[in-house]
Amino acid sequence: EAQAYAGVGAEEQLRFTGTEPFWGGEVRAGRMVYTSPDNQKGETVDISRVVGSGGIAFSGRLAAGAFVMTARLAECSDGMSDRTYPFTVTVEFTGYTLRGCGWTARRPFAAEAGG
């Protein structure tokens, strides 16, 4: 029987970033701050948190519409830097999907040597 994913604690901050378009933010304690080129200060919304066996999901509603964001432990590259992130993040809105990377204080990103 699969155990619930324990890679990101309920009070732990999960930061995330993506490109094309540049977007990102953070999740912590039932709230998400989401940034985009149109809103660089960010939009803060309440979220629901669901822990599965393979990762974690957050859902809520931004000005752009309802979303579900998932994070799973899988090496990720943003394609723009020399960083390697521990989490792959996907944000699904009605009609489109954003793909990016995430990290926490316990599982930080790593930069290539010399980068």
Can any side-chain N or O of [X] pair as donor or acceptor with the backbone N or O of [Y] at less than 3.5 Å?
{"X": "Thr35", "Y": "Gly24", "result": "yes"}
{"X": "Glu43", "Y": "Leu62", "result": "no"}
{"X": "Arg83", "Y": "Ser77", "result": "no"}

(Q) Applying side-chain contact (heavy atoms from CB on, under 4.5 Å) to Leu73 and Phe87, what does each step give before you reach the verdict? (A) CA-CA 5 Å; Leu73 192 58; Phe87 296 97; 4.0 Å; yes
Once side-chain hydrogen bond (donor to acceptor under 3.5 Å, both in side chains) is applied, do any residues pair with [X], and if so which ones, sequence neighbours excluded?
{"X": "Thr104", "answer": "Glu12"}
{"X": "Arg49", "answer": "none"}
{"X": "Glu92", "answer": "none"}

Same cluster or not: [X] versus [Y], using hydrophobic residues (I, L, V, M, F, W, Y) connected whenever any side-chain heavy atoms lie under 4.5 Å apart?
{"X": "Met69", "Y": "Phe109", "value": "no"}
{"X": "Trp103", "Y": "Phe58", "value": "no"}
{"X": "Val68", "Y": "Val45", "value": "no"}
{"X": "Val33", "Y": "Val91", "value": "no"}
{"X": "Phe16", "Y": "Phe67", "value": "yes"}

Q | Shortest non-hydrogen contact from Gly102 toward Pro86 | A | O-CD, 3.2 Å
Q) Which atom names give the shortest non-hydrogen contact between Thr88 and Ala74, and what distance separates them? A) OG1-O, 3.0 Å
From [X] [atom1] over to [Y] [atom2], what is the distance, rounded to the nearest 0.5 angstrom?
{"X": "Leu14", "Y": "Arg106", "atom1": "CG", "atom2": "CZ", "result": "11.0 Å"}
{"X": "Tyr34", "Y": "Ile47", "atom1": "OH", "atom2": "CD1", "result": "14.0 Å"}
{"X": "Arg15", "Y": "Tyr85", "atom1": "CZ", "atom2": "OH", "result": "11.5 Å"}
{"X": "Ser59", "Y": "Met32", "atom1": "OG", "atom2": "CE", "result": "10.0 Å"}
{"X": "Trp23", "Y": "Thr17", "atom1": "CH2", "atom2": "OG1", "result": "7.0 Å"}
{"X": "Arg31", "Y": "Gln13", "atom1": "CZ", "atom2": "CD", "result": "14.0 Å"}

**Q.** salt bridge (charged side-chain N to carboxylate O under 4.0 Å, His left out): pairs with one or both residues in residues 58-81, sequence neighbours excluded
**A.**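 Qualifying pairs, neighbours excluded: none.
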Q: Applying ring pair (Phe, Tyr, Trp, His ring centres under 6.0 Å), name anything that partners Phe93, two or more places apart in sequence or on another chain.
A: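 Scan of Phe93 (ring pair (Phe, Tyr, Trp, His ring centres under 6.0 Å), adjacent residues dropped) gives Tyr96.
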Q) Are side-chain heavy atoms of Cys101 and Thr84 found at a separation under 4.5 Å? A)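 The answer is no, as the side chains (C-beta and beyond) never meet within the 4.5 Å cut-off.
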Q | Residues forming a salt bridge (charged side-chain N to carboxylate O under 4.0 Å, His left out) with Asp38, sequence neighbours excluded | A | none
